[in-house]
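To keep things clear, I will list the structure first and then write my remarks on it.
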Amino acid sequence: MGKLTFKKEEKLSGEKSIQELFTKGSSFYLSPFKVITLYSNSSVNRVLISVPARTFKKAVDRNKIKRRIREAYRINKEKLTSNKKLLIAYIYTAKVILPSTVIHEKLILTLAQINKGNEEN
RNA sequence: AAUGCAAGCCGUCUUAUCGUCCUGACGGUAACGUCAGGAAGGAAAGUCCGGGCAACAAAGAGUGCCGUACUUCCUAACAGGAAGGUCCUGACUGUAAAAGUCAGGAACAGACAGUGCCACAGAAAAUAAACUACCCCGCUGCGCUAGUCGCAGAGAGGAAAAGGUGAAAAGGUGAGGUAAGAGCUCACCGGGUUGAAAGUGAUUUCAGGCGCAUGGUAAACCUUACGGGUUGAAAGGCCAAAUAGGUCAUAUCCACGAAAGUGAUCAGCUACUCGCUGAUAGUUUACUGAUAUGAUUGGGUAGGCUGAUGGAUGCUGACGGCAACGUCAGUACUAGAUAAAUGAUAAGACUGGUUGUAAAGCAGCCAGACAGAACCCGGCUUAUAGGCUUGCAUUAUUU
């Protein structure tokens, strides 16, 4: 480990798996995110990052938020301790563009929450 | 030099650490790794026009629907662009009037094909109309200067000249003419019309004749001319797991038969499977099944590839053209993602603003826009901190 990469394989795509995640996954809110998780049999954790176009009408703003979340996940993803692999969706629910440091802090909290959920199962 | 306007151009940079996508080379069975190269815009935006491309449709014509609307040209095409014309507005020059130059604007075909509408005000808003005032005529009354008189009244006519209303009042100004008036007549202007000349054309100029009642609105319906097949890359083309199905082979079980063996073929019903019916075949009344494994196969789901990035491309030069643009030659370029890459963090530089200081300098603080490719092009429209260049105007200074 120790590689802070984020390759194509880790990006969640495909209509079917996304539908499955949204219908069967379990979710929790932790401002500014809504997080949805689901166990899968893939070889890596796969992540979907979404910023609603309803709150951020300009593509530039959405891209900026997505990039910050992606960077935060990339740097902190080794904090995930589960053996089983997950599908994770991050949905950005805040109405303003938060600075990178805040997004980093909050995302670490969400990872801790996901780990806690694993231990209970 | 400053400010304003117009046109054109640019629209932050560097380093470090960690990362993303594409291409190539090398290593590796592969996963992947190493190295090298490349990776957003002037609007990528709005999706408002036009085209390429693709599929489907399509005898021809008419009607309907939608769009366009001064002319000529440019272009693949356009509602875009260039040049020009007409009208309107403003400024300047200038004159007795005229006229010219510059800048801006125009939904700039048709209102003697038809239908409709024209609020309020006003007498009247469209085959004209008489409220006030004006004029003539006869009648009645009154007056005295006793008339071809004056005043008043009601009546019958004339008249679009004056007043007032309105966005608009039926060509304008002047003269003649008349009871008063009227294109009733004349001159000039305006209008439409005929001819000639100039121009590819819109149109212009000149000449003749026309007295010339019949408004506005087509961003009301409408008429005329020209153009338009429909749907968009989620189009279209190709490959193709898994699962279910077809066919073949083998094995096992089962059924029939005394045994050998057989467990098929064809047609009809049904969208298909199953099933049913019939015929034929296996010496034959019967039976004409099931499961597993392997091979193969049609369609095709998930998914993938393609479409899809080199083009009506940019730049430079020559030639043609007033110009838009075209032709030729040279040269340069190369994003290709797909739940959607092109980044994150830190430091510094640069530019601008502001505060401190008498000022330069320096220091502190703040800011660096609009905005993210999605098949590709040509336009239009809208957003945009700051900077640069050129031209014009104004002001100030120096020579």
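First the proteins, then the strands, lettered A, B, ... as listed; each starts at 1. What you see is a predicted model; the values in this text were computed from it and never measured.
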Pick out the pairs of N or O atoms, protein on one side and nucleotides 42-47 of chain B on the other, that lie under 3.5 Å.
none

Item to check | Base orientation of rA396(B), syn vs anti, 90° cut from 0 | outcome: anti
Checklist entry - A59(A) has a side chain; which of rU345(B), rG372(B), rU342(B) sits nearest to it? => result rG372(B)
Checklist entry - Excluding sequence neighbours, so at least two apart, what forms side chain to side chain contact (heavy atoms under 4.5 Å, CB included) with D61(A)? => result F56(A), K58(A), I97(A)
Checklist entry - R74(A) side chain N/O closer than 4.0 Å to the phosphate oxygens (OP1, OP2) of rG343(B)? => result no
Checklist outcome for this item: Which of rA344(B), rA371(B), rA340(B) is nearest the side chain of K58(A)? It is rA371(B)
Item to check | Heavy-atom closest contact (R62(A) atom, K57(A) atom, distance) | outcome: NH1-O, 3.3 Å
Checklist entry - Is the glycosidic angle of rG211(B) within 90° of 0, making it syn, or outside that range, making it anti? => result anti
Checklist entry - Glycosidic conformation of rG110(B), syn or anti, with 90° from 0 as the boundary? => result anti
Checklist outcome for this item: Rounded to whole Å, the CZ-C1' distance (R67(A) to rG19(B)) equals 13 Å
Checklist entry - Got a sec, which residues hit side-chain hydrogen bond (donor to acceptor under 3.5 Å, both in side chains) with T110(A), two or more places apart in sequence or on another chain? => result Y90(A)
Item to check | For rU384(B), the Watson-Crick or wobble partner whose two distances fall under 3.5 Å | outcome: none
Next on the checklist: Please report the distance, rounded to the nearest Å, between CG in L48(A) and P in rU338(B).
Outcome noted: 15 Å
Checklist entry - Does E71(A) come within less than 4.0 Å of R74(A), counting only side-chain N to carboxylate O? => result yes
